Amino acid sequence: MINPDDVVAIDIHTHAEEPCGTHPDDGYDDFQAAMAKYFKSPHAHPPTVPETAAYYRERNIACVIFPVDAERETGFRRYKNEEMAELAAENSDVLIPFASIDPAKGRLGAREARRLVESFGIRGFKFHPSMQGFYPNDRSAYVLYEAIAEAGVPALFHTGQTGVGAGMPGGNGIRLKYSNPMYLDDVATDFPDMPIILAHPSFPWQEEALAVATHKPNVYIDLSGWSPKYFPEILVRYCNTLLRHKVLFGSDWPVITPDRWLADFEKIDIKPEVRPLILKQNAMKLLGLGAAKQG
């Protein structure tokens, strides 16, 4: 298990995707190549879970890792949650496993969520509304949220436009409308005890994300998917003030590496006493990894 004292940071947002890329007929490799070009990623192909663990272990950084179950909408083959959880368990000194379930699976998905938490040590769930093709406040997703809320683990939602599918014909079929963070206001209202993470600076809805996170006690924001040098001024201001205990370091590995993100984070105007909150302490508290000092 992760010892928070042994790590310098906790990256709340990394991807486990490589098994999907072994099938050239589904377009996944073209999708990954387009993202690598957009983000100027050093990875020609997504690294394996053990390679990810080795990278983070070398840097004394822990990370939340997850697949994305978007096969219904995209055709990309699903990375089995159980397989990823088993690989994470083999690297439990640095990897914290989240799962991904398409909300369209309804009660079947809710049953899977309960089993993953109880039998595979899953610590949270990742949703990508634009890739999974659903509005987060659609009542059909609530049966899955109920299972997650009962388990007492976080739900992390992609928000805004981060470059996924950018430049591909039709954006690779990805519709941005589903990822407006305001839809999560309904979810936060209806599931007040379920921690909700709004992933990424939520372009073009940054102020909506800040409003929801400020208004709802169970809503957090992760800073993944963007280099910090591009953060809007209002986001930096809220990081330093009202949301200092609710903002989380996230890279979006492998398209953005922690090396790049952390180097750029050093150069932006974040108060010295807030930096450790964002880099580790807020995530420790959210994930239940031990007592986290609050600045």
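Everything numeric in this text was worked out from a predicted model, so none of it was measured.
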- Query: Does the ring center of Tyr178 lie less than 6.0 Å from the ring center of Phe127?
  - Reply: no
- Answer yes or no: is there a donor N or O on one side and an acceptor on the other, between the side chain of Asn218 and the main chain of Phe191, under 3.5 Å? yes
- Item | salt_bridge(Arg237, Glu233) N-O dist < 4.0 Å | yes
- Between Asp269 and Phe231, is any pair of side-chain heavy atoms under 4.5 Å apart? no
- Kindly check if the number of other-residue, nucleotide or ligand heavy atoms within 6.0 Å of NZ (Lys267) is above 12? no
- Item | Heavy-atom side-chain proximity of Tyr220 to Ile196 below 4.5 angstrom | no
- Any side-chain heavy atom of Val49 within less than 4.5 Å of one from Ile65? yes
- Query: What is the minimum heavy-atom distance between Trp261 and Leu223, and which atoms define it?
  - Reply: NE1-O, 3.1 Å
- Residue pair Gly121 / Pro97: nearest heavy atoms and the distance that separates them: O-CG, 3.6 Å
- Task: May I ask you to test the Asn81-Pro67 pair for a side-chain heavy-atom distance under 4.5 Å?
- Result: yes
- Item | Trp205 backbone acceptor or donor facing Ser202 side chain under 3.5 Å | no
- Message: Quick check on the hydrophobic clustering: are Val187 and Tyr183 connected, directly or via other members, by side-chain heavy-atom contacts under 4.5 Å?
- Response: no
- Message: Grouping I, L, V, M, F, W and Y whenever their side-chain heavy atoms are under 4.5 Å apart, do Leu279 and Tyr55 come out in a common cluster?
- Response: yes
- Which atom pair, heavy atoms only, marks the closest approach of Pro4 to Lys280? O-NZ, 2.8 Å
- Would you give the length of the straight line joining atom CD1 of Ile197 to atom CG of Leu184, rounded to the nearest 0.5 angstrom? 11.0 Å
- Message: Walk me through whether Lys177 and Tyr135 qualify under side-chain contact (heavy atoms from CB on, under 4.5 Å).
- Response: CA-CA 8 Å; Lys177 63 181 181 180; Tyr135 290 105; 3.2 Å; yes
- Message: Donor-acceptor check, side chain of His158 to backbone of Gly160, threshold 3.5 angstrom: yes or no?
- Response: yes
- Query: Would Leu108 end up clustered with Val143 when hydrophobic side chains under 4.5 Å apart are linked, directly or stepwise?
  - Reply: no
- Query: Quick one: do the Arg57 and Asn91 side chains pair a donor with an acceptor below 3.5 Å?
  - Reply: yes
- One should read off an interatomic distance between Asn137 CG and Thr189 OG1, to the nearest 0.5 angstrom, of 10.0 Å
- Message: Return the CE to OG distance between Met131 and Ser179, rounded to the nearest 0.5 Å.
- Response: 10.5 Å
- Could you tell me whether the side chain of Asp185 and the main chain of Pro181 form a donor-acceptor pair under 3.5 Å? no
- Heavy-atom neighbours of Glu207 CD exceed 12 at 6.0 Å: no
- Is the shortest heavy-atom distance from the side chain of Leu210 to the side chain of Ile221 under 4.5 Å? yes
- About how many Å separate CD1 of Ile2 and CG of Leu95, when rounded to the nearest 0.5 Å? 7.0 Å
- Verify the cluster assignment for Val212 and Phe203: are they in a single hydrophobic cluster under the rule of side-chain heavy atoms below 4.5 Å apart? yes
- Query: Backbone N or O of Val219 within a donor-acceptor pair of the Lys246 side chain at under 3.5 Å?
  - Reply: yes
- Item | Nearest heavy atoms of Gly109 and Ile101, plus distance in Å | O-CD1, 3.4 Å
- Item | Distance in Å, Phe125 CZ paired with Met194 CE, rounded so as to fall on 0.5 Å steps | 11.0 Å
- Answer yes or no: is there a side-chain heavy-atom contact under 4.5 Å between Ile61 and Val7? no
- Task: Measure across Ile268 and Pro228 and return the closest heavy-atom pair with its distance rounded to 0.1 Å.
- Result: CG2-O, 3.6 Å
- Candidate list Thr257, Asp11, Asp259, Thr14, test side chain to side chain donor-acceptor pair (under 3.5 Å), partner Ser251, passing option: Asp11
- Quick one: does Leu198's side chain get under 4.5 Å of Asp222's, heavy atoms only? no
- Any salt bridge between Lys80 and Asp69, counting N to O under 4.0 Å? no
- Task: Please answer whether the main-chain N or O of Ala70 pairs with a side-chain N or O of Asp102 as donor and acceptor at a distance below 3.5 Å.
- Result: no
- Message: Tell me whether His200 contacts the main-chain N or O of Ser224 through its side chain, where contact means a donor paired with an acceptor under 3.5 Å.
- Response: yes
- Message: Nearest 0.5 angstrom please: Leu289 CG to Gln281 CD, how far?
- Response: 12.5 Å
- Message: Using every non-hydrogen atom in the two residues, find where Cys239 and Val247 come nearest and quote the distance to one decimal.
- Response: SG-CG1, 3.7 Å
- Name the one of Phe66, Trp253, Phe249, Trp226 that satisfies ring pair (Phe, Tyr, Trp, His ring centres under 6.0 Å) with His13? Phe66
- Query: Within the distance-only criterion (no hydrogens, no angle test), does the side chain of Lys126 pair as donor or acceptor with the backbone N or O of Ala155 below 3.5 angstrom?
  - Reply: no
- Item | Within 45° cone of Phe98 ring axis and under 6.0 Å: Arg123 NZ or CZ | no
- Query: Taking Val64 as the fixed residue, which of Leu286, Leu156, Ile96, Leu248 is the one that meets the side chain to side chain contact (heavy atoms under 4.5 Å, CB included) rule?
  - Reply: Ile96
- Asp6 side chain near Asp93 side chain, heavy-atom distance below 4.5 Å: no
- Item | Gln132 (side chain) donor-acceptor with His128 (main chain) under 3.5 angstrom | yes
- Message: If hydrophobic clusters are built from ILVMFWY residues whose side chains come within less than 4.5 Å, do Ile278 and Leu262 share one?
- Response: yes
- Item | side-chain contact (heavy atoms from CB on, under 4.5 Å) between Leu277 and Lys285, worked out | CA-CA 10 Å; Leu277 298 175; Lys285 183 176 180 181; over 6 Å; no
- Task: In sequence, state the C-alpha distance, the side-chain angles, and the governing distance for Arg115 and Glu82, and then conclude on side-chain contact (heavy atoms from CB on, under 4.5 Å).
- Result: CA-CA 10 Å; Arg115 180 173 57 82; Glu82 295 87 349; 2.7 Å; yes
- Query: Any sub-3.5 Å donor-acceptor pair from Arg275's side-chain atoms to Lys271's backbone N or O?
  - Reply: no
